[in-house]
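Report on the following structure.
Predicted model, so just to flag it, every value in this text is computed and none were measured.
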Amino acid sequence: MRLSKEILKEYQRYAVIFESGSQDKRDVYVRIFYNNLEKLISCSMSFAELSAYVEELIRVVHDHYGAAPILLIDEYDQPVLSSYENGYRKELGDFFSSFYGSALKGNEYMDQALLTGIQRVAKESIFSKLNNISIYTVIDECYSDKFGITKREAEKLLCDFGMELSAVVKEKYDGYRFGRYDIYNPWSLLCYIRKGRAENFWVNTSTNYLVKEAVKKADERFRREFDELIEKKTVRVGINLETSFIELQDNYSLWGLLVNAGYVTVEDVEDESFMKVRIPNEEVCAEFRKILAEQANISDMDLQGMFRCLLEKDMEGFLKIYRDIVISCTSYFDARENAYHMLFLGMCISVRGIYEVSSNLEQRHGRSDITLKALEPGRPHIILEFKQGSDVETLKKSALKQILKKQYYSGLTGEVLCVGIAHDKKQCVLTWESITVTGSGQAVRENI
């Protein structure tokens, strides 16, 4: 068991200290310590015995130094999250209830304990034997600058290594909001310093499986809220930060999981239940792209490749990948009136940062289904209109004609790709045209 190996390391470390000191081996707790050490080495202890090993270590350390020690437990919830994935949650919950209870409950030999994690596991029985626990979340002011690296600290850290806090670094690793502080991801920043180039280093391994499964099984309301998050950059949602998703699987605890795990960050707190959230940075956005690509049964590279084809006006390559996605996404088309539209909108997370995404999901008031407004010069704007029906050849032309006739390109200048896409269940075809919109709003059409 991995936990017993970690406890063994601590016992061996203190065994060396005790041997060099004046520890009286006739003391009952010293004898218990060495007896535990032998069992840890031989792996002959039971689960029931192991649950008391930390408590007994704290007692003998207290007696040796004459001072109450501080107990630090990092990622206390990871074993529970892993047990959810591997199907032994009940057994592990019972064990950790005794393990934490014996170490923390009424332990007069301990000064204080600090436990860190991304899910508050209360109903798992882990803390059923404890009381007087102080909980600090990402929206609390207290210790809010201790959850990561502030801008000032990031500038100092990079300067010490002869680097600067560039716009690229900010877009990749900044964006978290804890209490009143803007926070950089410390792990990613340190990886960037070590490698010397801005890559996506952020991987939350302890919750990756849980997040994937939760998003995959999410209901229609969550999907609408997530689509709004992609389009508007922020979305107002109900959030429960106090309960873990594995205990209460609803939208409130799912958004709480995404906040606590760092997939989204809180922009504004309206009250204890409703908050505005956003995706913190491009690094996390890339992780969401992988999740969405996996749900569509395609690779992240295919998803990026599809948009690359679109931006380069390789419509044949674009349509080939898009067809594969439509064929693989059966679940997206169950009871969803704007299914294809919403599917594509979800995939637009791939172009976040280089395009401003706008959508008209519910009603058509002179707006296209999806408009991608280029944020950088030299890139084409893109307008997409979706149709559904049996006569796909007629419908694709109708979609393109609608874009041009209703001038959905109003407000844009420069090159605009107008794309009409028609679907009939798993069949899809498209037609397109490139136009140039002048400063006066006039469109110069090209022959395709």
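Heavy atoms only, all atoms of each residue included: I435 and C418 are closest at CD1-SG, 3.9 Å. Nearest approach of I403 to V419, heavy atoms of both residues: CD1-O, 3.5 Å. Across all their heavy atoms, P280 and G262 have their closest contact at CG-O, 3.8 Å. Counting all heavy atoms, side chain and backbone alike, S4 lies closest to L40 at O-CD2, 3.7 Å. Nearest heavy-atom pair across I321 and D302 is CG2-O, 3.6 Å. Contact detail for L189 and A154: the closest heavy-atom pair is CD2-CB, 3.8 Å.
For the atom pair CD (E270) and CD1 (I239), the distance works out to 10.0 Å, reported to the nearest 0.5 Å. Between the CG atom of L430 and the CG atom of L384 there is a distance of 9.0 Å, given to the nearest 0.5 Å. Distance check, rounded to the nearest 0.5 Å: CD1 of I149 to CH2 of W187 gives 12.0 Å. Remark: I279 CD1 to I230 CD1 distance equals 6.5 Å, nearest 0.5 Å. The distance from atom NZ of K151 to atom CG of L165, rounded to the nearest 0.5 Å, is 7.0 Å. For the atom pair CG of D111 and CG of L71, the computed distance is 11.0 Å after rounding to the nearest 0.5 Å.
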Yes or no on side chain to side chain contact (heavy atoms under 4.5 Å, CB included) for V54 and I7, after CA distance, side-chain angles and deciding distance?
CA-CA 8 Å; V54 172; I7 295 176; 4.2 Å; yes
(request) Let me see the working for L311 and I354 under side chain to side chain contact (heavy atoms under 4.5 Å, CB included), right down to the final yes or no. (result) CA-CA 11 Å; L311 270 56; I354 60 174; 4.3 Å; yes
| said: Test salt bridge (Lys or Arg N to Asp or Glu O under 4.0 Å) on E153 and K156; report intermediate values, then the result. | reply: CA-CA 5 Å; E153 291 168 338; K156 176 66 167 59; over 6 Å; no
Worked check of side chain to side chain contact (heavy atoms under 4.5 Å, CB included) between Y176 and N185:
CA-CA 8 Å; Y176 290 100; N185 183 325; 4.2 Å; yes
Exercise. Check the pair F288, F226 against ring-ring contact (aromatic ring centres under 6.0 Å, His included), reporting the backbone distance first and the verdict last.
Key: CA-CA 11 Å; F288 266 123; F226 189 78; 5.2 Å; yes
* Show your working on side chain to side chain contact (heavy atoms under 4.5 Å, CB included) between M347 and F307 and close with a plain yes or no. => CA-CA 9 Å; M347 294 187 295; F307 278 100; 4.1 Å; yes
* Kindly determine whether D145 and T150 satisfy side chain to side chain donor-acceptor pair (under 3.5 Å), including the steps that lead there. => CA-CA 7 Å; D145 61 334; T150 64; over 6 Å; no
### Message
Walk me through whether E228 and R236 qualify under salt bridge (Lys or Arg N to Asp or Glu O under 4.0 Å).
### Response
CA-CA 9 Å; E228 186 178 346; R236 178 183 181 270; over 6 Å; no
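The aromatic rings of Y322 and H423 sit perpendicular, their planes meeting at an angle over 60°, well past the 30° parallel limit. Taking the six-membered ring where the residue is Trp, F386 and F344 present tilted rings, their angle falling between 30° and 60°.
Residues E415 and S434 have side chains that bring a donor and an acceptor to within less than 3.5 angstrom of each other. Counted by atom type alone, N240 and S253 present zero donor-acceptor pairs between their side chains at under 3.5 Å.
Taking 4.5 Å as the limit, every side-chain heavy atom of L417 sits out of range of all side-chain heavy atoms of I383. N260 places none of its side-chain heavy atoms less than 4.5 Å from the side chain of L257. Side-chain atoms of L372 and C348, non-hydrogen and from C-beta on, do get closer than 4.5 Å to each other. Using a 4.5 Å heavy-atom threshold, the side chains of E287 and Y263 count as touching. Counting only heavy atoms from C-beta outward, the side chains of D219 and N251 approach each other to under 4.5 Å. In this structure, the side chains of R308 and E312 come closer than 4.5 Å at one or more pairs of heavy atoms. Two residues are said to be in side-chain contact when any heavy atoms from C-beta on lie closer than 4.5 Å; F178 and Y143 fail this criterion. Between L104 and L115, some side-chain heavy-atom pair lies under the 4.5 Å cut-off.
At least one donor-acceptor pair closer than 3.5 Å links the side chain of E385 to the backbone N or O of D369. Judged purely by atom type and a 3.5 angstrom limit, E6 has no side-chain atom pairing as donor or acceptor with the backbone of L3. Using modelled atom types, one side-chain atom of D140 and one backbone atom of T137 make a donor-acceptor pair closer than 3.5 Å. Under a 3.5 Å cut-off, the side chain of R323 and the backbone N or O of C428 do form a donor-acceptor pair. When atom types are taken as modelled, the side chain of H64 and the backbone of F18 share no donor-acceptor pair closer than 3.5 angstrom. Under a 3.5 Å cut-off, the side chain of R278 and the backbone N or O of G175 do form a donor-acceptor pair.
Contacts classified as side-chain hydrogen bond (donor to acceptor under 3.5 Å, both in side chains) and involving residues 51-60 (residues at least two apart or in different chains) are given here: N36-E56, R59-D63, R59-Y109.
Among D268, T265, D182, the single residue meeting the side chain to side chain donor-acceptor pair (under 3.5 Å) criterion with R177 is D182.
The number of heavy-atom neighbours closer than 6.0 Å to CZ of F161, taken from other residues, nucleotides and ligands shown, is 12 or below. Around the CZ atom of F222, the shell of radius 6.0 Å holds more than 12 heavy atoms that belong to other residues, nucleotides or ligands. Within 6.0 Å of CD on E164 lie no more than 12 heavy atoms contributed by other residues, nucleotides or ligands.
Judged by the 6.0 Å and 45° rule, R197 forms no cation-pi pair with Y192. Because its NZ or CZ atom is not both nearer than 6.0 Å to the ring centre of Y181 and within 45° of the ring axis, R152 does not count as a cation-pi partner of that residue.
Salt bridge R223/E220: absent, no basic N to carboxylate O contact under 4.0 Å. Taking the charged nitrogens against the carboxylate oxygens, K195 and E199 do have a contact shorter than 4.0 Å, which makes a salt bridge. K172 and E283 are not joined by a salt bridge, as no carboxylate oxygen comes within less than 4.0 angstrom of a charged side-chain nitrogen. By the 4.0 Å N-to-carboxylate-O rule, E376 lies close enough to R379 to be salt-bridged with it.
In this structure, the ring of Y184 has its center no less than 6.0 angstrom from the ring center of Y173. No close placement of the Y408 and H381 rings is indicated, their centers lying 6.0 Å or farther apart.
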